[in-house]
Structures are given as structure tokens and as C-alpha cells.
J.: 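Quick one: this structure, given as C-alpha cells, is what I'll be asking you about.
Each residue takes its place number in the sequence, starting with 1.
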Amino acid sequence: MNARSCPCGLPTSYAECCGRYHSGTAAAPTAEALMRSRYSAFVKQDAAYLLRTWHPRTRPARLDLDPGMRWTGLEILGTGDGSAFHSTGTVEFRASYRGGSLHERSRFERVDGAWVYVDGEFPA
């Protein structure tokens, strides 16, 4: 990732990509876009955004991010539904960090028109 690209891995600047979702000037249009923006929020240590985009039913009361965690890359492995025409969607991804990686299949739903993270499972 160069200094100009977004942490989510897309070849656009942070401000033009996930930054606009983090600031609230735009909403993620798809489940994948929300998943990418949530990964970028982990990179940027933006707990407020992570909580704001978590389904009210499954959202924790607080989120303590590890300031020593160094995320190093995101790979989207697959998506199911999650477009502007759906009310639910899934995104399977691998998020790498210094020392390992996290493989998750995340579930997303729309709440009041906005995509939110529901929960995830860890495929074998």
C-alpha cells in the first residue's frame, strides 16, 4: 500500500474511498464497501465508526482496539448479495496483520437504508 492509496486496498485515496464513509459525508453503497471501510477503520483505530456501523442487535457496548495491532492488507475472497438491490449480504475476506491473518465470513443487513455489520463466522 502506498501513502496515497486507501488502507482497504482499492487504488484510490483514503479521502475519496473509505475516508468519506468514516467522516459521515457518504454511506457505503454495498456490503463489500462497508466491509472495506470497517477494515480501514481498524487500521485507523476509528472505534466510533466501527460501533456506528455495527447492527444494534449485536453491537458491543464498547470497543477497545489494540493500539499495537498493525493491519497489513485486505483480500476479498467472495461476496453474496449485498448490492443496492438487497437487504442482506455476506463478504468473505482475509485481513492480514503483522504476525498472522483473520479469515471471516461476515453478515451484513440494511437498517434504515444503511448497511451495518451483523456478525461473522470463521470458516475452517
Side-chain angles (χ1 to χ4, degrees):
M1 173 179 81
N2 67 46
R4 292 193 35 77
S5 63
C6 189
C8 81
L10 293 178
T12 53
S13 72
Y14 169 72
E16 295 169 342
C17 195
C18 294
R20 60 199 174 114
Y21 306 141
H22 294 173
S23 70
T25 59
T30 65
E32 180 182 339
L34 180 68
M35 198 264 112
R36 287 180 175 278
S37 72
R38 286 176 56 84
Y39 170 82
S40 291
F42 275 104
V43 172
K44 300 278 190 180
Q45 299 278 306
D46 188 345
Y49 179 78
L50 291 165
L51 289 170
R52 192 167 71 244
T53 57
W54 210 311
H55 196 292
R57 188 176 69 239
T58 57
R59 178 175 46 225
R62 56 181 285 178
L63 187 60
D64 296 316
L65 299 177
D66 179 355
M69 181 66 110
R70 294 293 175 254
W71 296 97
T72 58
L74 176 65
E75 178 185 6
I76 302 297
L77 303 174
T79 61
D81 294 339
S83 78
F85 304 105
H86 299 105
S87 59
T88 63
T90 59
V91 179
E92 185 172 347
F93 67 92
R94 181 173 293 109
S96 299
Y97 55 87
R98 192 179 303 144
S101 67
L102 169 74
H103 180 191
E104 182 175 313
R105 186 177 303 114
S106 297
R107 293 187 320 127
F108 298 88
E109 290 180 13
R110 282 188 189 269
V111 172
D112 297 328
W115 285 106
V116 292
Y117 170 79
V118 177
D119 59 19
E121 61 186 23
F122 305 103

J.: Between the main-chain N or O of Ala26 and the side-chain N or O of Arg20, is there a donor-acceptor pair closer than 3.5 Å?
T.: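 Answer holds: no.
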J.: Measure from the side-chain N and O atoms of Arg57 to the backbone N and O of Val118, and report whether any donor-acceptor pair falls under 3.5 Å.
T.: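 Checked: no pair found.
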J.: Give me the atom names and distance for the closest heavy-atom approach of Ala41 to Tyr49.
T.: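 Smallest heavy-atom distance, with atoms named: CB-CD2, 3.7 Å.
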J.: Under a single-linkage definition using a 4.5 Å side-chain heavy-atom cutoff for Ile, Leu, Val, Met, Phe, Trp and Tyr, are Met35 and Met69 assigned to the same hydrophobic cluster?
T.: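 Per the 4.5 Å side-chain linkage, Met35 and Met69 are co-clustered.
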J.: Heavy-atom count check: over 12 atoms from other residues, nucleotides or ligands less than 6.0 Å from Phe122 CZ?
T.: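 Yes - once you tally the heavy atoms of other residues, nucleotides and ligands closer than 6.0 Å, there are more than 12.
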J.: Looking only at heavy atoms, what is the nearest atom pair of His86 and Gly82, with distance?
T.: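 Here His86 and Gly82 meet closest at ND1-N, 3.4 Å.
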J.: Under the criterion side-chain hydrogen bond (donor to acceptor under 3.5 Å, both in side chains), I'd like the reasoning laid out for Tyr117 against Ser106: C-alpha separation, chi angles, the key distance, then a yes or no.
T.: CA-CA 7 Å; Tyr117 170 79; Ser106 297; 4.7 Å; no
J.: Do Arg98 side-chain atoms and Arg70 backbone N/O form a donor-acceptor pair below 3.5 Å?
T.: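 Pair absent, no side-chain N/O of Arg98 close to backbone of Arg70.
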J.: Applying side-chain contact (heavy atoms from CB on, under 4.5 Å) to His103 and Leu77, what does each step give before you reach the verdict?
T.: CA-CA 9 Å; His103 180 191; Leu77 303 174; 3.5 Å; yes
J.: What is the minimum heavy-atom distance between Thr30 and Ser83, and which atoms define it?
T.: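 It is CG2-CA, 4.3 Å.
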J.: For residues Leu34 and Val111: do they belong to one hydrophobic cluster (side chain heavy atoms under 4.5 Å, members Ile, Leu, Val, Met, Phe, Trp, Tyr)?
T.: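 No, separate clusters.
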J.: Any side-chain to backbone donor/acceptor pair from Arg94 onto Gly73? Under 3.5 Å, distance only.
T.: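 No.
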J.: Among the clusters formed by ILVMFWY side chains lying less than 4.5 Å apart, do Leu74 and Leu10 turn up in the same one?
T.: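 No, Leu74 and Leu10 fall in different hydrophobic clusters.
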J.: Arg107 vs Thr88, test: side-chain contact (heavy atoms from CB on, under 4.5 Å). Steps then yes/no.
T.: CA-CA 7 Å; Arg107 293 187 320 127; Thr88 63; over 6 Å; no
J.: I'd like to know if Val91 and Val43 are part of one continuous hydrophobic network [Ile/Leu/Val/Met/Phe/Trp/Tyr, side-chain heavy atoms within less than 4.5 Å].
T.: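 They do share one cluster, since a chain of ILVMFWY contacts under 4.5 Å joins Val43 to Val91.
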J.: Do the side chains of Leu102 and Tyr39 join up, straight or via other hydrophobic residues, at under 4.5 Å, putting them in one cluster?
T.: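 Linked within one cluster.
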J.: Please evaluate residues Thr53 and Tyr21 with respect to the criterion side-chain contact (heavy atoms from CB on, under 4.5 Å), reporting the C-alpha separation (whole Å), side-chain torsions for both, the decisive distance (0.1 Å), and the verdict.
T.: CA-CA 10 Å; Thr53 57; Tyr21 306 141; over 6 Å; no
J.: Can you name the nearest heavy-atom pair linking Asp66 to Gly68, along with the distance?
T.: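 Residues Asp66 and Gly68, closest heavy atoms: OD1-N, 2.8 Å.
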J.: How long is the span from the OH atom in Tyr97 to the OG1 atom in Thr72, to the nearest 0.5 Å?
T.: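 Reported to 0.5 Å precision, the distance equals 9.5 Å.
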J.: The criterion is salt bridge (Lys or Arg N to Asp or Glu O under 4.0 Å); which residues satisfy it with Asp64, sequence neighbours excluded?
T.: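 With sequence neighbours excluded, Asp64 shows a salt bridge (Lys or Arg N to Asp or Glu O under 4.0 Å) to Arg62, given in chain and number order.
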J.: For a 4.5 angstrom cut-off between non-hydrogen side-chain atoms, does Phe108 reach His55?
T.: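 Side-chain contact under 4.5 Å: no.
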J.: Out of curiosity, Phe42 CZ to Leu50 CG, how far, rounded to the nearest 0.5 Å?
T.: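 So the gap between those two atoms works out to 4.5 Å.
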J.: Does the ring of Tyr14 carry Lys44 above it, NZ/CZ under 6.0 angstrom from centre and within 45° of its axis?
T.: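 So Lys44 does make the cation-pi contact.
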J.: Ignoring hydrogens and geometry, is there a side-chain-to-backbone donor-acceptor pair from Arg59 to Leu51 under 3.5 Å?
T.: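 It does hold such a pair.
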J.: Check whether His22 reaches the backbone of Ser37 with its side chain - one donor and one acceptor, N or O, closer than 3.5 Å.
T.: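 Such a contact is found between His22 side chain and Ser37 backbone.
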J.: Under 4.0 Å between a side-chain nitrogen and a carboxylate oxygen: does that hold for Glu32 and Arg36?
T.: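 A salt bridge is present here (some side-chain N lies under 4.0 Å from a carboxylate O).
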J.: Keeping Ser40 on the side-chain end and Cys8 on the backbone end, is there a donor-acceptor pair under 3.5 Å?
T.: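 Here the side-chain-to-backbone pair exists.
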